[in-house]
Amino acid sequence: MTKKQHYVPQFYLRNFTSEDNKLWVFDRVKKEYYCKTPKEVCYEKYLYGRHGKMKILKSVTENTYKNLK
């Protein structure tokens, strides 16, 4: 099962990246900006099916769309 499951699909996030494939992220708690890749943002561990969390989608969805460009 996929561990990092994105609630904003990576293929959406890639449309907002710079030439080095990174996006600017703002941490509202720390009030800081930093660069991250789409793989490193907008995810939760086992979001769609482990430890009683939301079971809306399966890992199949994450695996299907993660390689789209």
Side-chain angles (χ1 to χ4, degrees):
M1 176 178 268
T2 302
K3 186 175 183 179
K4 285 184 169 181
Q5 297 173 338
H6 290 78
Y7 48 86
V8 177
Q10 291 182 63
F11 71 95
Y12 284 162
L13 295 170
R14 285 189 201 110
N15 289 311
F16 299 97
T17 59
S18 58
E19 291 178 6
D20 62 353
N21 295 323
K22 294 191 177 184
L23 5 118
W24 283 99
V25 178
F26 179 67
D27 185 324
R28 295 183 336 181
V29 175
K30 296 179 182 178
K31 298 186 189 306
E32 296 177 349
Y33 289 96
Y34 49 91
C35 284
K36 294 280 187 175
T37 63
K39 192 174 191 172
E40 301 171 311
V41 297
C42 299
Y43 76 88
E44 282 192 41
K45 293 179 181 176
Y46 306 109
L47 176 66
Y48 302 117
R50 190 163 181 183
H51 304 298
K53 292 193 177 200
M54 296 176 8
K55 293 185 178 182
I56 298 170
L57 301 173
K58 295 182 179 181
S59 293
V60 174
T61 304
E62 180 78 10
N63 292 334
T64 300
Y65 293 109
K66 73 180 177 183
N67 294 320
L68 293 177
K69 289 186 179 185

Engineer: Any side-chain heavy atom of V25 sitting closer than 4.5 Å to one from C35?
Structural biologist: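 Sidechains of C35 and V25: no contact.
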
Engineer: Is it the case that over 12 heavy atoms from other parts of the model lie below 6.0 angstrom from the OH atom of Y34?
Structural biologist: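 Yes, OH of Y34 has more than 12 neighbouring heavy atoms, counting only those of other groups under 6.0 Å.
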
Engineer: So, for L23 and V41, which heavy atoms are closest and what is the spacing to 0.1 Å?
Structural biologist: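 That closest heavy-atom pairing would be CD1-CG2, 3.7 Å.
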
Engineer: Given a cutoff of under 4.5 Å between side-chain heavy atoms of I, L, V, M, F, W and Y, with clusters grown through shared members, what are the other residues clustered with W24?
Structural biologist: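 For the cluster that includes W24, the remaining residues are F26, Y33.
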
Engineer: Is V29 isolated, or which residues cluster with it under the ILVMFWY side-chain rule of less than 4.5 Å, directly or via members?
Structural biologist: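 Joined to V29, directly or through intermediates: none.
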
Engineer: Which residues pass the side chain to side chain contact (heavy atoms under 4.5 Å, CB included) test with K39, not counting sequence neighbours?
Structural biologist: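 For K39 the side chain to side chain contact (heavy atoms under 4.5 Å, CB included) partners, ignoring immediate neighbours, are Q10, T37.
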
Engineer: Are the side chain of N21 and the backbone of T17 linked by a donor-acceptor contact shorter than 3.5 Å?
Structural biologist: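 Checking the backbone N and O of T17 against the side chain of N21, no donor-acceptor pair under 3.5 Å is found.
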
Engineer: When hydrophobic residues are tied together by side-chain contacts of less than 4.5 Å, even through go-betweens, does F11 share a cluster with Y43?
Structural biologist: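 Different clusters.
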
